[in-house]
Amino acid sequence: MAMTARGNDQPALGGARVAVVVLGDLGRSPRMLHHAAALLHAGAAVDLIGHAGAPLPAPLAATAGLTVHHLPGPRLAARHALPRAAFLAYGAARLIGASARLATVLRRLPAPDVVLVQNPPALPTLAVVPPVARWRGAGVVIDWHNFACTQLGLTVGAAHPAVRAARAVERRLGRGATAHLCVSAAMRATLAASWGIADAHVLRDRPVTFVPADQRAAARARLAARLALPVDAEPRPALLVSPTSWSADEDTDLLLDALGRLEATLDGSALRLVCVLTGDGPRRADFEARVAARHWQRVAVRTIWLDPGDYPALLAGADLGLSLHRSTSGVDLPMKIADLHGAGVPVCAFDYGPCLREMLSQAEAAIGFTQAAGLAARLRSLLDALTQLGSLEALRDAVAALPQRTWEEGWRDEALPLFASLIRDE
(Lines give C-alpha, C1' and ligand atoms only; values in the text may rest on other atoms or scores of the structure.)
Protein backbone atom coordinates (compact mmCIF):
# COMPACT_ATOMS: atom_id res chain seq x y z
CA MET A 1 0.00 0.00 0.00
CA ALA A 2 1.33 3.42 -0.90
CA MET A 3 2.22 5.81 1.90
CA THR A 4 -0.17 8.74 2.08
CA ALA A 5 0.05 12.27 3.37
CA ARG A 6 -2.06 13.20 6.37
CA GLY A 7 -5.60 14.09 5.44
CA ASN A 8 -5.02 13.11 1.83
CA ASP A 9 -5.72 9.84 0.08
CA GLN A 10 -3.06 10.56 -2.54
CA PRO A 11 0.43 9.07 -2.20
CA ALA A 12 2.70 11.38 -0.22
CA LEU A 13 5.20 11.69 -3.11
CA GLY A 14 2.71 11.25 -5.95
CA GLY A 15 3.98 12.88 -9.13
CA ALA A 16 7.55 13.21 -7.88
CA ARG A 17 10.59 11.66 -9.55
CA VAL A 18 13.65 10.52 -7.59
CA ALA A 19 16.93 9.24 -9.01
CA VAL A 20 18.71 6.71 -6.77
CA VAL A 21 22.42 6.43 -7.59
CA VAL A 22 24.54 3.42 -6.62
CA LEU A 23 28.12 3.27 -7.86
CA GLY A 24 28.22 -0.48 -7.43
CA ASP A 25 26.29 -3.69 -8.07
CA LEU A 26 22.62 -2.77 -7.75
CA GLY A 27 21.57 -6.24 -6.67
CA ARG A 28 24.07 -6.17 -3.79
CA SER A 29 23.14 -2.73 -2.48
CA PRO A 30 20.27 -3.64 -0.12
CA ARG A 31 19.87 -0.32 1.69
CA MET A 32 19.57 1.61 -1.57
CA LEU A 33 17.13 -0.97 -2.94
CA HIS A 34 15.07 -0.53 0.23
CA HIS A 35 15.11 3.23 -0.44
CA ALA A 36 13.88 2.64 -3.98
CA ALA A 37 11.06 0.38 -2.80
CA ALA A 38 9.95 2.87 -0.14
CA LEU A 39 10.00 5.76 -2.60
CA LEU A 40 7.89 3.76 -5.05
CA HIS A 41 5.41 2.86 -2.31
CA ALA A 42 5.20 6.56 -1.46
CA GLY A 43 4.10 7.28 -5.02
CA ALA A 44 7.32 8.55 -6.59
CA ALA A 45 8.71 7.39 -9.91
CA VAL A 46 12.22 6.05 -9.38
CA ASP A 47 15.22 5.95 -11.71
CA LEU A 48 17.63 3.39 -10.26
CA ILE A 49 21.19 3.91 -11.53
CA GLY A 50 24.08 1.54 -11.00
CA HIS A 51 26.00 -1.44 -12.33
CA ALA A 52 24.43 -4.69 -13.46
CA GLY A 53 25.25 -7.78 -11.44
CA ALA A 54 23.12 -9.75 -9.01
CA PRO A 55 19.43 -9.71 -9.95
CA LEU A 56 17.12 -7.26 -8.26
CA PRO A 57 14.55 -8.69 -5.83
CA ALA A 58 11.58 -9.84 -7.93
CA PRO A 59 8.96 -7.73 -6.10
CA LEU A 60 11.00 -4.56 -6.63
CA ALA A 61 11.78 -5.31 -10.27
CA ALA A 62 8.06 -5.78 -10.95
CA THR A 63 6.97 -2.52 -9.27
CA ALA A 64 5.38 0.02 -11.59
CA GLY A 65 7.25 3.30 -11.73
CA LEU A 66 10.76 1.82 -11.52
CA THR A 67 13.22 2.38 -14.37
CA VAL A 68 16.66 0.82 -14.14
CA HIS A 69 19.66 2.46 -15.84
CA HIS A 70 22.81 0.36 -15.90
CA LEU A 71 26.07 2.25 -15.90
CA PRO A 72 28.31 1.14 -18.77
CA GLY A 73 31.87 0.05 -18.23
CA PRO A 74 33.58 -1.86 -15.42
CA ARG A 75 33.36 -1.08 -11.74
CA LEU A 76 36.43 0.06 -9.82
CA ALA A 77 38.73 -2.80 -8.90
CA ALA A 78 38.37 -4.29 -5.44
CA ARG A 79 40.77 -2.72 -2.95
CA HIS A 80 42.47 -5.97 -2.07
CA ALA A 81 43.07 -6.95 -5.72
CA LEU A 82 45.98 -4.59 -6.38
CA PRO A 83 49.30 -3.84 -4.67
CA ARG A 84 49.18 -0.70 -2.54
CA ALA A 85 51.53 1.23 -4.83
CA ALA A 86 49.42 0.53 -7.90
CA PHE A 87 46.00 0.99 -6.36
CA LEU A 88 45.95 4.79 -6.14
CA ALA A 89 47.18 5.42 -9.69
CA TYR A 90 44.93 2.77 -11.17
CA GLY A 91 41.97 4.01 -9.17
CA ALA A 92 42.50 7.60 -10.32
CA ALA A 93 42.51 6.56 -13.96
CA ARG A 94 39.34 4.52 -13.52
CA LEU A 95 37.61 7.39 -11.70
CA ILE A 96 37.95 9.66 -14.70
CA GLY A 97 36.08 7.20 -16.92
CA ALA A 98 33.48 6.42 -14.25
CA SER A 99 32.83 10.15 -13.74
CA ALA A 100 32.15 10.69 -17.42
CA ARG A 101 29.81 7.69 -17.65
CA LEU A 102 27.85 8.68 -14.55
CA ALA A 103 27.48 12.30 -15.70
CA THR A 104 26.21 11.13 -19.10
CA VAL A 105 23.53 8.90 -17.58
CA LEU A 106 22.39 11.64 -15.18
CA ARG A 107 22.12 14.21 -17.97
CA ARG A 108 19.91 11.89 -20.05
CA LEU A 109 17.44 10.99 -17.30
CA PRO A 110 13.94 12.41 -17.16
CA ALA A 111 14.28 15.49 -14.95
CA PRO A 112 14.36 14.38 -11.29
CA ASP A 113 13.08 16.32 -8.31
CA VAL A 114 15.67 14.76 -6.00
CA VAL A 115 18.79 12.67 -6.50
CA LEU A 116 19.65 10.24 -3.69
CA VAL A 117 23.23 8.97 -3.59
CA GLN A 118 25.04 6.66 -1.20
CA ASN A 119 28.41 7.39 0.37
CA PRO A 120 30.85 5.63 0.15
CA PRO A 121 32.09 5.67 -2.49
CA ALA A 122 32.67 9.41 -2.38
CA LEU A 123 34.26 9.57 -5.82
CA PRO A 124 33.09 10.04 -8.39
CA THR A 125 29.54 10.28 -7.02
CA LEU A 126 29.94 13.30 -4.73
CA ALA A 127 31.94 15.12 -7.41
CA VAL A 128 29.49 14.39 -10.22
CA VAL A 129 25.99 14.17 -8.73
CA PRO A 130 25.61 17.58 -7.00
CA PRO A 131 26.67 19.76 -9.96
CA VAL A 132 24.62 17.77 -12.47
CA ALA A 133 21.62 17.79 -10.10
CA ARG A 134 21.87 21.57 -9.62
CA TRP A 135 22.08 22.03 -13.38
CA ARG A 136 18.85 20.04 -13.67
CA GLY A 137 17.18 21.87 -10.79
CA ALA A 138 17.11 18.87 -8.45
CA GLY A 139 17.92 18.52 -4.77
CA VAL A 140 20.62 16.12 -3.58
CA VAL A 141 20.37 13.78 -0.58
CA ILE A 142 23.48 11.92 0.57
CA ASP A 143 22.87 8.72 2.52
CA TRP A 144 25.99 8.28 4.65
CA HIS A 145 26.64 4.57 5.18
CA ASN A 146 30.24 5.17 6.28
CA PHE A 147 33.18 7.38 5.29
CA ALA A 148 35.13 6.67 2.12
CA CYS A 149 38.35 8.04 3.59
CA THR A 150 38.37 5.55 6.47
CA GLN A 151 37.69 2.70 4.06
CA LEU A 152 40.63 3.83 1.92
CA GLY A 153 42.75 3.43 5.03
CA LEU A 154 42.16 -0.33 4.87
CA THR A 155 44.27 -0.44 1.72
CA VAL A 156 46.94 2.22 2.14
CA GLY A 157 47.03 2.61 5.92
CA ALA A 158 45.16 5.11 8.08
CA ALA A 159 48.18 7.45 8.32
CA HIS A 160 48.78 7.64 4.55
CA PRO A 161 48.65 11.18 3.10
CA ALA A 162 46.07 9.96 0.59
CA VAL A 163 43.65 9.27 3.45
CA ARG A 164 44.00 12.82 4.77
CA ALA A 165 43.51 14.21 1.27
CA ALA A 166 40.50 11.96 0.68
CA ARG A 167 38.94 13.13 3.92
CA ALA A 168 39.32 16.78 2.94
CA VAL A 169 37.77 16.14 -0.46
CA GLU A 170 34.95 14.01 0.95
CA ARG A 171 34.17 16.62 3.62
CA ARG A 172 34.07 19.49 1.14
CA LEU A 173 32.00 17.65 -1.46
CA GLY A 174 29.65 16.19 1.12
CA ARG A 175 28.74 19.61 2.44
CA GLY A 176 27.42 20.53 -1.00
CA ALA A 177 24.34 18.32 -0.70
CA THR A 178 20.87 19.68 -0.01
CA ALA A 179 20.15 17.22 2.81
CA HIS A 180 21.70 14.24 4.56
CA LEU A 181 20.70 10.84 5.93
CA CYS A 182 22.95 8.60 8.01
CA VAL A 183 22.79 5.18 9.64
CA SER A 184 23.38 5.95 13.32
CA ALA A 185 23.13 8.64 15.97
CA ALA A 186 26.88 8.30 16.48
CA MET A 187 27.46 9.08 12.80
CA ARG A 188 25.15 12.09 13.01
CA ALA A 189 27.19 13.39 15.95
CA THR A 190 30.45 12.86 14.03
CA LEU A 191 29.10 14.62 10.95
CA ALA A 192 28.10 17.58 13.11
CA ALA A 193 31.31 17.76 15.14
CA SER A 194 33.94 17.04 12.48
CA TRP A 195 32.40 17.36 9.03
CA GLY A 196 30.44 20.62 9.24
CA ILE A 197 27.14 18.81 8.57
CA ALA A 198 24.80 19.67 11.42
CA ASP A 199 21.46 18.58 10.00
CA ALA A 200 21.82 14.87 9.13
CA HIS A 201 18.71 12.75 9.74
CA VAL A 202 19.20 9.30 11.24
CA LEU A 203 17.60 6.52 9.18
CA ARG A 204 18.31 3.23 10.88
CA ASP A 205 18.61 -0.07 9.08
CA ARG A 206 15.69 -2.30 9.95
CA PRO A 207 14.35 -5.62 8.67
CA VAL A 208 12.10 -5.49 5.64
CA THR A 209 9.91 -8.17 7.25
CA PHE A 210 9.84 -10.13 10.49
CA VAL A 211 9.75 -13.93 10.44
CA PRO A 212 7.08 -15.32 12.83
CA ALA A 213 8.43 -17.49 15.64
CA ASP A 214 6.28 -20.45 14.62
CA GLN A 215 8.08 -20.62 11.25
CA ARG A 216 11.59 -20.98 12.65
CA ALA A 217 11.60 -24.75 13.11
CA ALA A 218 10.61 -25.18 9.47
CA ALA A 219 13.28 -22.67 8.49
CA ARG A 220 15.90 -24.69 10.38
CA ALA A 221 14.87 -27.85 8.55
CA ARG A 222 15.05 -26.06 5.18
CA LEU A 223 18.48 -24.64 5.97
CA ALA A 224 19.73 -28.03 7.14
CA ALA A 225 18.43 -29.60 3.94
CA ARG A 226 20.19 -26.97 1.80
CA LEU A 227 23.42 -27.73 3.65
CA ALA A 228 22.89 -31.54 3.66
CA LEU A 229 23.04 -31.64 7.45
CA PRO A 230 21.48 -34.36 9.63
CA VAL A 231 18.53 -32.83 11.46
CA ASP A 232 17.82 -35.75 13.80
CA ALA A 233 21.29 -36.23 15.33
CA GLU A 234 21.54 -35.93 19.12
CA PRO A 235 22.71 -33.49 20.10
CA ARG A 236 21.88 -31.74 16.87
CA PRO A 237 24.59 -29.47 15.44
CA ALA A 238 24.26 -25.83 16.38
CA LEU A 239 23.81 -23.51 13.40
CA LEU A 240 25.81 -20.27 13.39
CA VAL A 241 25.07 -17.95 10.44
CA SER A 242 27.09 -14.92 9.36
CA PRO A 243 25.62 -12.82 6.53
CA THR A 244 28.78 -11.73 4.77
CA SER A 245 29.64 -9.34 1.96
CA TRP A 246 33.22 -10.68 1.83
CA SER A 247 34.67 -7.19 2.10
CA ALA A 248 37.95 -6.13 3.70
CA ASP A 249 36.17 -4.79 6.80
CA GLU A 250 34.88 -8.25 7.76
CA ASP A 251 37.39 -10.17 9.85
CA THR A 252 37.26 -13.70 8.46
CA ASP A 253 40.84 -14.29 9.69
CA LEU A 254 39.61 -13.86 13.25
CA LEU A 255 36.75 -16.28 12.55
CA LEU A 256 39.06 -19.04 11.29
CA ASP A 257 41.31 -18.60 14.31
CA ALA A 258 38.33 -18.76 16.66
CA LEU A 259 36.86 -21.85 15.01
CA GLY A 260 40.22 -23.61 15.25
CA ARG A 261 40.35 -22.82 18.96
CA LEU A 262 36.78 -24.05 19.38
CA GLU A 263 37.60 -27.30 17.59
CA ALA A 264 40.38 -27.91 20.10
CA THR A 265 37.99 -27.49 23.05
CA LEU A 266 35.49 -29.92 21.50
CA ASP A 267 37.94 -32.83 21.22
CA GLY A 268 36.16 -35.86 22.67
CA SER A 269 32.87 -33.99 22.95
CA ALA A 270 29.59 -34.79 21.21
CA LEU A 271 28.96 -31.11 20.53
CA ARG A 272 29.14 -29.88 16.95
CA LEU A 273 28.94 -26.49 15.29
CA VAL A 274 28.12 -25.66 11.69
CA CYS A 275 29.17 -22.14 10.70
CA VAL A 276 27.41 -20.86 7.58
CA LEU A 277 28.61 -17.76 5.74
CA THR A 278 26.13 -16.35 3.24
CA GLY A 279 26.66 -13.98 0.33
CA ASP A 280 29.29 -13.69 -2.35
CA GLY A 281 32.25 -11.47 -3.05
CA PRO A 282 35.89 -11.31 -4.10
CA ARG A 283 37.32 -12.72 -0.85
CA ARG A 284 35.10 -15.78 -0.73
CA ALA A 285 37.22 -18.13 -2.88
CA ASP A 286 40.35 -17.51 -0.79
CA PHE A 287 38.40 -18.18 2.41
CA GLU A 288 37.00 -21.43 1.02
CA ALA A 289 40.50 -22.61 0.08
CA ARG A 290 41.76 -21.90 3.59
CA VAL A 291 38.83 -23.77 5.14
CA ALA A 292 39.48 -26.77 2.89
CA ALA A 293 43.00 -27.02 4.33
CA ARG A 294 41.57 -27.56 7.83
CA HIS A 295 40.57 -31.03 8.89
CA TRP A 296 38.21 -30.29 11.72
CA GLN A 297 35.98 -33.00 13.15
CA ARG A 298 33.53 -31.09 15.35
CA VAL A 299 33.36 -27.78 13.47
CA ALA A 300 32.12 -27.50 9.88
CA VAL A 301 32.17 -24.38 7.72
CA ARG A 302 29.88 -23.88 4.75
CA THR A 303 29.41 -21.00 2.33
CA ILE A 304 26.11 -20.44 0.59
CA TRP A 305 24.39 -17.89 -1.62
CA LEU A 306 20.82 -17.11 -0.58
CA ASP A 307 18.65 -15.30 -3.08
CA PRO A 308 16.67 -12.34 -1.67
CA GLY A 309 13.45 -14.34 -1.56
CA ASP A 310 14.96 -17.09 0.63
CA TYR A 311 17.33 -14.97 2.67
CA PRO A 312 15.12 -13.89 5.64
CA ALA A 313 13.35 -17.24 5.96
CA LEU A 314 16.56 -19.28 5.94
CA LEU A 315 18.31 -16.92 8.36
CA ALA A 316 15.52 -17.78 10.79
CA GLY A 317 16.83 -21.34 10.93
CA ALA A 318 20.00 -20.26 12.72
CA ASP A 319 20.56 -20.63 16.44
CA LEU A 320 22.87 -17.63 16.51
CA GLY A 321 23.97 -14.90 14.12
CA LEU A 322 27.52 -13.65 13.82
CA SER A 323 28.68 -10.17 12.77
CA LEU A 324 32.34 -9.96 11.77
CA HIS A 325 32.10 -6.31 10.71
CA ARG A 326 35.13 -4.32 11.86
CA SER A 327 34.11 -0.70 11.37
CA THR A 328 36.65 1.63 9.77
CA SER A 329 34.94 4.70 11.24
CA GLY A 330 33.50 3.31 14.46
CA VAL A 331 30.14 4.94 13.74
CA ASP A 332 28.57 2.84 10.98
CA LEU A 333 26.25 -0.08 11.71
CA PRO A 334 26.15 -3.43 9.87
CA MET A 335 22.84 -4.11 8.14
CA LYS A 336 23.28 -7.82 8.80
CA ILE A 337 22.31 -7.25 12.45
CA ALA A 338 18.95 -5.84 11.37
CA ASP A 339 18.48 -8.79 8.98
CA LEU A 340 19.18 -11.29 11.76
CA HIS A 341 16.88 -9.52 14.20
CA GLY A 342 14.12 -9.59 11.61
CA ALA A 343 14.58 -13.36 11.48
CA GLY A 344 14.37 -13.53 15.30
CA VAL A 345 18.04 -14.55 15.59
CA PRO A 346 20.27 -13.15 18.35
CA VAL A 347 23.67 -11.80 17.32
CA CYS A 348 27.19 -12.23 18.59
CA ALA A 349 29.10 -9.24 17.18
CA PHE A 350 32.65 -8.01 16.92
CA ASP A 351 32.62 -5.13 19.39
CA TYR A 352 34.15 -2.14 17.63
CA GLY A 353 32.66 0.52 19.88
CA PRO A 354 29.69 2.08 21.69
CA CYS A 355 27.87 2.69 18.40
CA LEU A 356 26.81 -0.98 18.33
CA ARG A 357 24.63 -0.42 21.40
CA GLU A 358 22.22 1.40 19.10
CA MET A 359 21.28 -1.95 17.55
CA LEU A 360 22.06 -4.70 20.05
CA SER A 361 20.11 -5.74 23.12
CA GLN A 362 21.95 -5.64 26.42
CA ALA A 363 22.13 -9.43 26.41
CA GLU A 364 23.73 -9.42 22.95
CA ALA A 365 26.16 -6.65 23.89
CA ALA A 366 27.32 -8.85 26.77
CA ILE A 367 28.43 -11.62 24.38
CA GLY A 368 30.46 -9.39 22.08
CA PHE A 369 34.08 -10.17 21.28
CA THR A 370 37.23 -8.44 20.09
CA GLN A 371 39.66 -11.35 19.74
CA ALA A 372 39.59 -14.91 18.44
CA ALA A 373 39.99 -16.39 21.93
CA GLY A 374 36.98 -14.42 23.13
CA LEU A 375 34.82 -15.54 20.21
CA ALA A 376 35.84 -19.18 20.73
CA ALA A 377 34.89 -18.93 24.41
CA ARG A 378 31.55 -17.34 23.55
CA LEU A 379 30.72 -20.06 21.05
CA ARG A 380 31.66 -22.84 23.47
CA SER A 381 29.44 -21.33 26.17
CA LEU A 382 26.57 -20.97 23.74
CA LEU A 383 27.00 -24.56 22.55
CA ASP A 384 26.75 -25.72 26.14
CA ALA A 385 23.64 -23.60 26.68
CA LEU A 386 22.04 -24.95 23.53
CA THR A 387 22.64 -28.52 24.68
CA GLN A 388 21.24 -27.88 28.15
CA LEU A 389 18.26 -25.74 27.20
CA GLY A 390 17.50 -26.84 23.67
CA SER A 391 17.60 -23.22 22.54
CA LEU A 392 19.00 -19.82 23.43
CA GLU A 393 15.76 -18.51 24.89
CA ALA A 394 17.22 -15.69 26.97
CA LEU A 395 18.96 -14.21 23.93
CA ARG A 396 15.93 -14.77 21.72
CA ASP A 397 13.68 -13.10 24.29
CA ALA A 398 16.02 -10.10 24.38
CA VAL A 399 15.80 -9.77 20.59
CA ALA A 400 12.01 -10.16 20.65
CA ALA A 401 11.81 -7.34 23.22
CA LEU A 402 13.52 -4.88 20.88
CA PRO A 403 11.25 -2.41 19.03
CA GLN A 404 9.91 -4.29 16.02
CA ARG A 405 9.56 -1.79 13.21
CA THR A 406 10.04 -2.62 9.57
CA TRP A 407 12.23 -0.66 7.18
CA GLU A 408 9.15 0.89 5.57
CA GLU A 409 7.71 1.99 8.92
CA GLY A 410 11.00 3.59 9.92
CA TRP A 411 11.47 5.15 6.48
CA ARG A 412 8.00 6.67 6.65
CA ASP A 413 8.86 8.46 9.91
CA GLU A 414 12.54 9.25 9.38
CA ALA A 415 13.01 9.78 5.62
CA LEU A 416 9.64 10.50 4.03
CA PRO A 417 9.27 13.96 5.66
CA LEU A 418 12.70 14.92 4.34
CA PHE A 419 11.92 13.91 0.76
CA ALA A 420 8.48 15.53 0.93
CA SER A 421 9.97 18.82 2.13
CA LEU A 422 12.57 18.86 -0.64
CA ILE A 423 9.96 18.16 -3.32
CA ARG A 424 7.62 20.85 -1.98
CA ASP A 425 10.49 23.33 -2.17
CA GLU A 426 11.20 22.56 -5.81
Side-chain angles (χ1 to χ4, degrees), residues 78 80-81 219-306 310-311 314-315 317-326 336 340 345-351 367-392:
H80 74 282
R220 183 176 295 112
R222 288 179 60 206
L223 184 58
R226 284 280 298 269
L227 298 169
L229 298 175
V231 294
D232 54 356
E234 289 294 340
R236 70 170 177 83
L239 291 177
L240 175 71
V241 173
S242 180
T244 308
S245 59
W246 301 99
S247 56
D249 55 5
E250 291 178 313
D251 202 338
T252 52
D253 290 341
L254 183 151
L255 174 62
L256 281 179
D257 189 355
L259 293 178
R261 292 168 183 263
L262 177 64
E263 168 77 15
T265 73
L266 296 177
D267 186 29
S269 167
L271 300 177
R272 290 177 298 156
L273 175 76
V274 178
C275 178
V276 183
L277 288 85
T278 72
D280 201 1
R283 298 166 63 90
R284 176 174 166 175
D286 176 69
F287 177 84
E288 290 171 335
R290 295 170 65 193
V291 167
R294 271 70 172 176
H295 301 286
W296 295 328
Q297 301 300 311
R298 312 307 301 174
V299 174
V301 180
R302 307 287 177 86
T303 57
I304 187 173
W305 167 258
L306 299 177
D310 276 343
Y311 177 64
L314 289 181
L315 282 188
D319 295 300
L320 183 69
L322 177 66
S323 173
L324 298 169
H325 181 68
R326 184 187 288 268
K336 67 189 73 179
L340 288 160
V345 178
V347 179
C348 180
F350 180 86
D351 187 359
I367 62 167
F369 61 93
T370 57
Q371 297 179 340
L375 175 57
R378 298 296 189 202
L379 294 178
R380 178 58 199 257
S381 296
L382 293 166
L383 273 175
D384 291 336
L386 185 64
T387 301
Q388 295 164 12
L389 303 177
S391 63
L392 304 174

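No hydrogens, no waters, no symmetry mates; every other heavy atom, side chains included, goes into these values.
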Legend entry - For the student: nearest non-hydrogen atoms of A258 and A376, plus distance: O-CB, 3.5 Å

Inset, instruction - To the nearest 0.5 Å, tell me how far L262 CG sits from D267 CG. - result: 11.5 Å

Legend entry - N/O donor-acceptor pair under 3.5 Å between K336 side chain and S323 backbone: no

Legend entry - Residue pair W296, V301: steps toward the side chain to side chain contact (heavy atoms under 4.5 Å, CB included) verdict: CA-CA 9 Å; W296 295 328; V301 180; 3.8 Å; yes

Inset, instruction - Kindly give the heavy-atom pair with the smallest separation between R261 and A373, and that separation in Å. - result: NH1-CB, 3.7 Å

Inset, instruction - Can you measure from CZ (R283) to OG (S245) and round to the nearest 0.5 angstrom? - result: 9.5 Å

Legend entry - Close side-chain approach of L273 and L259, heavy atoms under 4.5 Å: yes

Legend entry - Spacing of L266 atom CG and L271 atom CG [to the nearest 0.5 Å]: 6.0 Å

Inset, instruction - Quick one: closest heavy-atom pair of I367 and C348, and the distance? - result: O-SG, 3.2 Å

Inset, instruction - Please check if the side chain of R380 supplies one atom and the backbone of T265 the other of a donor-acceptor pair under 3.5 Å. - result: yes

Inset, instruction - Verify the neighbour count for atom CD of Q371: are there more than 12 heavy atoms of other residues, nucleotides or ligands below 6.0 Å? - result: no

Legend entry - Separation between CZ of R222 and CG of D310, rounded to the nearest 0.5 Å: 5.0 Å

Legend entry - Closest heavy-atom pair and its distance - L239, R220: CD1-CG, 3.9 Å

Legend entry - Any side-chain donor near an acceptor of the partner, T244 and E250, under 3.5 Å: no

Legend entry - Worked verdict on L322 versus L375 for side chain to side chain contact (heavy atoms under 4.5 Å, CB included): CA-CA 10 Å; L322 177 66; L375 175 57; 4.0 Å; yes

Legend entry - Summary of ring pair (Phe, Tyr, Trp, His ring centres under 6.0 Å) pairs that have at least one residue in residues 262-288, sequence neighbours excluded: W246-F287

Inset, instruction - Give a yes or no on whether the backbone of D351 and the side-chain of T370 come within a donor-acceptor separation of less than 3.5 Å. - result: no

Legend entry - Shortest non-hydrogen contact from L223 toward G317: CD2-C, 4.3 Å

Legend entry - Contact check, side chains of L277 and L255, non-hydrogen atoms, under 4.5 Å: yes

Legend entry - All salt bridge (charged side-chain N to carboxylate O under 4.0 Å, His left out) counterparts of D286, not counting sequence neighbours: none

Legend entry - Inter- and intrachain pairs under salt bridge (Lys or Arg N to Asp or Glu O under 4.0 Å), touching residues 289-304, at least two apart: D253-R290

Inset, instruction - Please round to the nearest 0.5 Å and tell me the distance separating atom CG of L392 and atom OG of S381. - result: 11.0 Å

Legend entry - V241: which of T278, L314, L320 passes side chain to side chain contact (heavy atoms under 4.5 Å, CB included): T278

Inset, instruction - Quick one: closest heavy-atom pair of P237 and V274, and the distance? - result: CB-CG2, 3.9 Å

Legend entry - Side-chain donor or acceptor of D249 paired with backbone N/O of H325 under 3.5 Å: no

Legend entry - Distance in Å, L227 CG paired with T303 OG1, rounded so as to fall on 0.5 Å steps: 9.5 Å

